[in-house]
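Below: one structure, written as structure tokens.
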Amino acid sequence: MSNRSSFALVALTALLGLILTLVPLPHWVAIARPAFLVLVVLYWSTMAPFSAGIGLGFVSGLALDVFEGSLLGEHALALAFVTYLAIRLHLLMRAKPLFEQSIFVFAGLVVYEFLLWVIDGWSGHPTTGPARWIHTVSGGLIWPVIVGFLGRFHTPQ
Amino acid sequence: MAGFGTAVNRPLYGRGPSPGLRFTGYALLALTIMYFDQRGQLSERMRYGLQAIAYPIQLLVSSPGTLWHGMSSAFQTRSSLREENAALKARTRELELAAMRELALEQENAQLRDLRQALPPLVKKWQLAEVVSIETTPLRQRLVINRGKHDGAFVNEAVIDDHGILGQVARIGPFSSEVILITDPEHAISVQVVRNNLRTVAIGSGNSGELLLRDLAVNSDVKSGDLLVSSGLGGVFPAGYPVAQIIGVRREANQLLAQVRAAPLAQVERAREVMLIEFDPAHPAAPAPNPPIAPLPPPPSPKHPAPVEADD
């Protein structure tokens with residue numbers, strides 16, 4: 001796969017992830033909705049860390065900041081950090097079976113949400129309730145599906 | 001460069017700065033942006049531009065729902081349309097009856113208040129806006145509507161639907177704006193109980209069916225079913241518009257404050273069309289002229305003392 005087409009692929013799937021993150025859903029479904037964009041970024045930074053670096057995490061996070069109206073740079077920082085972790089650990093993670101990968105992803109999402117929670121608190125935004133942590137679990141659970149879906153578009157080696 | 005590789009055969013290390021260095025760079029950038037956004041120095045302009053970029057994607061995301069709504073209304077049957085028409089006619093008649101005495105009441109009110117001339121109408125300008133997207137999560141309760149700066153919308157403009165106050169414009173873009181709903185946990189609206197004019201503040205709960213009245217004493221005179229209207233304090237909403245109805249009061253002996261919940265009258269989750277309303281500041285029911293979060297005035301220079309505003 002050429003560089004350009006892989007860039008287009010990453011950008012398109014990230015856009016798809018963003019749209020899935022934003023599609024309006026009923027209240028009780030929206031709480032459990034996995035953070036699709038974060039999962040897509042995690043996928044590319046573990047499976048193809050060369051085409052999708054920390055820059056992808058930063059830009060995707062900035063997009064989340066714009067659409068979710070949070071403090072500008074908040075999601076960007078959290079997602080860039082998780083992307084960094086994923087890139088550092090990508091060899092370790094790729095060698096694991098899917099089930100263990102899910103646990104890694106869950107841990108990554110917890111780190112991500114924790115950073116958001118801390119920044120929310122510092123900047124004086126409400127940090128209501130345990131509901132915000134639900135997506136870390138659903139994100140870990142849906143990881144095999146993400147791998148199965150995105151794995152069709154490229155040839156992992 | 002044999003060794004590990006993926007679809008894209010570019011080595012990870014030895015090309016450009018290391019991941020750690022890159023992350024440090026991005027983190028510093030993010031922290032800088034956050035700092036300035038928190039201080040409110042870059043946000044206005046940048047947010048305006050970002051809102052413009054985001055709007056096409058918001059339209060795209062909401063398009064399936066819009067399409068579905070458009071199709072279902074195109075395939076409505078003749079009989080259901082006739083029914084709807086009859087219901088609307090009946091409602092119009094009711095409203096006309098209610099409004100008939102309005103003019104006389106208005107004049108009577110002006111006389112009672114000892115005003116020499118008739119009052120200007122409270123609503124100076126209103127426009128209809130369509131809801132582009134709606135977000136109702138525990139952390140954020142927002143709408144995006146298809147009216148922006150080009151349509152004359154402005155920040156802190158009141159947004160209502162045909163049942164009551166819905167929220168206010170929080171951020172504005174060229175063709176769209178973001179509305180913060182009264183149920184957003186970051187929103188508070190000054191209200192009063194119609195029955196006894198008791199004033200308090202209704203705070204959003206993050207649940208689109210609920211507002212919280214957190215600072216009413218245990219012995220305050222509220223009960224389930226009381227209607228709450230806006231009190232006109234706070235500078236955004238005019239006095240007397242319906243806001244919510246109290247649905248639960250809990251008083252516990254060991255607590256100083258009662259736990260009061262209210263349900264918003266505006267249909268927060270089902271809103272498709274909303275009204276943006278600009279009020280005439282000359283009307284006594286209009287919101288007090290100073291907005292709650294006004295930018296600091298420039299320090300008065302000794303040469304040109306600031307004009308003293310007349311107090312009424």
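Predicted model, so just to flag it, every value in this text is computed and none were measured. Naming: A, B, ... by sequence-line order, numbering from 1 per chain.
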Exam field: side chain B/Q38 to backbone A/S123, donor-acceptor pair closer than 3.5 Å =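 Yes.
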- What residue, out of A/E68, A/E74, A/H75, has the most heavy-atom pairs lying under 4.5 Å from chain B?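 Maximum pair count with chain B is reached by A/E68.
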Output the option from [options] having the highest count of non-hydrogen pairs under 4.5 Å with chain A.
{"options": "B/I57, B/L60, B/L31", "answer": "B/I57"}
{"options": "B/S133, B/G20, B/A170", "answer": "B/G20"}
{"options": "B/S208, B/G206, B/A54, B/S62", "answer": "B/A54"}

Counting only non-hydrogen atoms closer than 4.5 Å, does [X] touch chain B with its backbone (N, CA, C, O), its side chain (CB onward), both, or neither?
{"X": "A/L20", "answer": "neither"}
{"X": "A/L77", "answer": "both"}
{"X": "A/T83", "answer": "neither"}
{"X": "A/F67", "answer": "both"}

| query | When you check the gap from the basic side-chain N to the acidic O, do B/D184 and B/R142 get nearer than 4.0 Å? | reply |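 Between B/R142 and B/D184 there is a salt bridge, with a charged N closer than 4.0 Å to a carboxylate O.
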Is it true that A/R132 and A/E113 make a salt bridge, defined as a side-chain N closer than 4.0 Å to a carboxylate O?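 Between A/E113 and A/R132 there is a salt bridge, with a charged N closer than 4.0 Å to a carboxylate O.
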- Decide yes or no on side chain to side chain donor-acceptor pair (under 3.5 Å) for B/H187 and B/Q141, but give the supporting numbers first. CA-CA 9 Å; B/H187 194 272; B/Q141 303 261 320; over 6 Å; no
ask   = Do A/S45 and A/H90 have a side chain donor and acceptor closer than 3.5 Å?
value =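 No, A/H90 and A/S45 have no side-chain donor paired with an acceptor closer than 3.5 Å.
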Check your understanding: Is there a donor in the side chain of B/T183 and an acceptor in the side chain of B/N207, or the other way round, less than 3.5 Å apart?
Key ->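 No, B/N207 and B/T183 have no side-chain donor paired with an acceptor closer than 3.5 Å.
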>> If you take the centroid of each ring, where Trp contributes its six-membered ring, are B/Y55 and B/F175 closer together than 6.0 Å?
In response: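 That pair fails the under 6.0 Å test.
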Of the backbone (N, CA, C, O) and the side chain (C-beta and beyond), which part of B/R171 lies under 4.5 Å from a heavy atom of chain A, both, or neither?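 Contact with chain A involves the side chain of B/R171 alone.
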